[in-house]
Amino acid sequence: MATCENSCFTEDENDHQILSSKRIITILSDDEDLEVNKNNKRQRSPSLSKPKPLQLMNKRTIKSNTRQTSLSIIRTNSDSNGNEERKWNLKTIASSSNENSSKQKKKKITQTKSVTVAQSRYSSTLVRTVSSPSIVKNDISNDPSRTVSFDGAVINEEDVFSQWNEESSTSSSTAVNSKSIWKEIFSKSVKSKPVDDELKQEWSALDKDQPSNHYRFNAAPVGVKRTCPFYKKIPGTTFCIDAFNFGNIDGIQAYFLSHFHSDHYGGLNKKFSNMLYSNQITCNLCKSELGIRSETMTILPMNEFINVHGIDVALLDANHCPGSNMFLFRFANGRLILHTGDFRAAPTLLKHPLIQPKQIDTVYLDTTYCDTHYRFPSQDEVIESAVGLVLDSLKENARTLVAIGTYLIGKERIFHAIAKALDCKIFVETRKFRILNQLENDDLSKRLTKHPHETNVHVVGMGSITQPMLQAHVDKYALKYNKIIGIKPTGWTTPRSTSGSKHYSIESKSSNITIYGFPYSEHSSFDELKNFIQYIKPKRIIPTVNVGRADLRDKMNGYFQQWLST
DNA sequence: GCGATCAGCT
DNA sequence: CACAGCTGATCGC
């Protein structure tokens, strides 16, 4: 998976030769990866099959059955913006041998990772990684042992600097440079509250109870009853959010639903006999698509506090899909808790009158793209780019069919904008027709048609944007069209260029079919998350996505600490 | 014969 | 990888 950008084997080897005498850190662990019992694979939860937490070993003999990882700094570059980029060399030597001496059995894996340190134009106070390994700073101000974590391994300040103390008389310029970078990492003071022990306990209890399965609603072991993870419940209330896969949850009176996507309503069906709370659109969809009875639903208004079982609740637009909302809970003593559901924190979202700095105690955060990888343009920019592409394509060949991939709900803005630009109708299948007509968007509803011949803008399932499927689609209408372009809007599409106006990438191309990927996201980008949190300044953040792995949680927690400390 | 759930896949 | 599904198989009524 490594690209040339972050893995250059020959260079690494050369650089590492130079530095080999200045090894900075050696991390040692029993390498369980080498002993995976394939017969037992299904019973092993992912969290158990991971290597044990790496233990820092400094200048000790390499044991057998171990993996040795060394981290060193091999190069420092400055770009034209004055950003410094430093490359770290992560070297892994795995051995399956029981004898120390049989070196030929050792496998060498060398990777180079780019890391930009401090003072970047994003004014990050710490370390921003372009790709893993991640360096996450723990709460140094309150941590007497002063550690940072490196890809899940805890690195102790003393262990790092003890090497230079001993070697100070012979240190080369490179080593001095390395030392200064380590100093930089350890010296930034992080002002934040003590490590959230309570939260830590909740996570580890969850890991033990339902290893890795709590975040994936359909992955409970056979015969094991799923229990609702703590982050789907609001403490001090009888409320849960997007938790329909756990039967009747003890102590829960009100079941909130943030939006109508299957990974959130999963488990909801006709038999549901509790009380569901959501907005008008989502409740409509629950009724028409899942057959939920009206008596078991309470429709809440938007932007207005309503008392539910003694707690005030306000629904705020989440900017995710139509009918998506965040929940703002207000307790009798004024304490505020915000649950974002799935959301995209576009700048306009910060202008909401109910969202004020330093007022919110706890935020349950949609951390889908909480990683520096995820930088993508605004929806408006992507839409403009998609409309431009369609207009160009039609100019070139008027007999072009435009197929846009979507999910159940979501991505409407992109095909709506295309239809508006062409002033044409939008073909959708029956189920989609029914759903889109409930989104309370008059212009969109007016343009919908169930007749494919009325328009060259066709909305299809995301899975249909493949060469064979599109070929079959265009063949169906061969009398009218001889070309088809497929548009795939997803947050996972990395933008090719962020400077120009063309945000798409060509995913595949044949004579009459072209598939375009657009970085159209309905979740916050990394920077949007950062801005949102830095504006709100909550006391506490609980991530709700990518929480199945402790190393990812640590990484996200590192970002949170960073954001809240500036 | 139907809905609900699940593994596998993208 | 995962977004948020979809498909096809199996289970229970």
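In what follows, chains are A, B, ... by sequence order, proteins preceding strands, each numbered from 1.
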With sequence neighbours excluded, residues passing salt bridge (Lys or Arg N to Asp or Glu O under 4.0 Å) with Arg447(A):
Asp423(A), Asp443(A)
His261(A) side-chain N/O to dC3(C) phosphate OP1/OP2 under 4.0 Å:
no
Output the single nucleotide from dT5(B), dA4(C), dC3(C) whose closest atom is nearest the side chain of Tyr369(A).
dC3(C)
Of all the nucleotides listed (dA4(C), dA4(B), dC6(C)), which has the minimum atom distance to the side chain of Arg431(A)?
dC6(C)
Going by heavy atoms closer than 4.0 Å, what residues in residues 403-415 of chain A are next to DNA chain C?
Tyr407(A), Leu408(A)
What I want to check is whether an N or O donor and acceptor connect the side chain of Thr490(A) with the base of dC3(C) at under 3.5 Å.
yes
Is the Phe272(A) to Tyr255(A) ring centre distance short of 6.0 Å?
yes
Would you say the ring centroid of Tyr520(A) lies under 6.0 angstrom from that of Phe376(A)?
no
Met469(A) has an atom CE; how far is it from atom C1' of dC6(C), in whole Å?
9 Å
Rounded to whole angstrom units, what separation is found between the CZ atom of Phe244(A) and the P atom of dA4(B)?
15 Å
Centroid separation under 6.0 Å, is that true for the rings of Tyr477(A) and His473(A)?
yes
Find the distance Tyr520(A):OH to dA4(C):P and express it as a whole number of Å.
13 Å
Between atom CG in Leu290(A) and atom C1' in dG5(C), what is the gap in whole Å?
14 Å
Of Asp366(A), Asp242(A), Thr340(A), the one forming a side-chain hydrogen bond (donor to acceptor under 3.5 Å, both in side chains) with Ser258(A) is Asp242(A)
Would you indicate which nucleotide in dC1(C), dC3(C), dG5(C) comes nearest to any side-chain atom of Ser262(A)?
dG5(C)
dG12(C) C1' sits how many Å from Lys271(A) NZ, rounded?
9 Å
Please report the distance, rounded to the nearest Å, between CG in Asn269(A) and P in dC11(C).
20 Å
Verify the contact: side-chain N or O of His523(A) to OP1 or OP2 of dA4(C), cut-off strictly under 4.0 Å; return yes or no.
yes
For His261(A), what residues pass the ring pair (Phe, Tyr, Trp, His ring centres under 6.0 Å) criterion, not counting sequence neighbours?
His259(A), His320(A)
Distance check needed: dC6(C) P versus Lys432(A) NZ, whole Å only.
9 Å
Between dC3(C) atom P and Asp242(A) atom CG, what is the distance in whole Å?
14 Å
Closest to the Thr368(A) side chain: dA4(B), dA4(C), dC3(C)?
dC3(C)
So His320(A), base contact, sugar-phosphate only, or nothing? Heavy-atom distance under 4.0 Å.
sugar-phosphate
Checking all strands, does Ser521(A) fall into the base, sugar-phosphate, or nothing category for heavy-atom contacts under 4.0 angstrom?
nothing
Do the ring centers of Phe526(A) and Tyr374(A) come within less than 6.0 Å of each other?
no
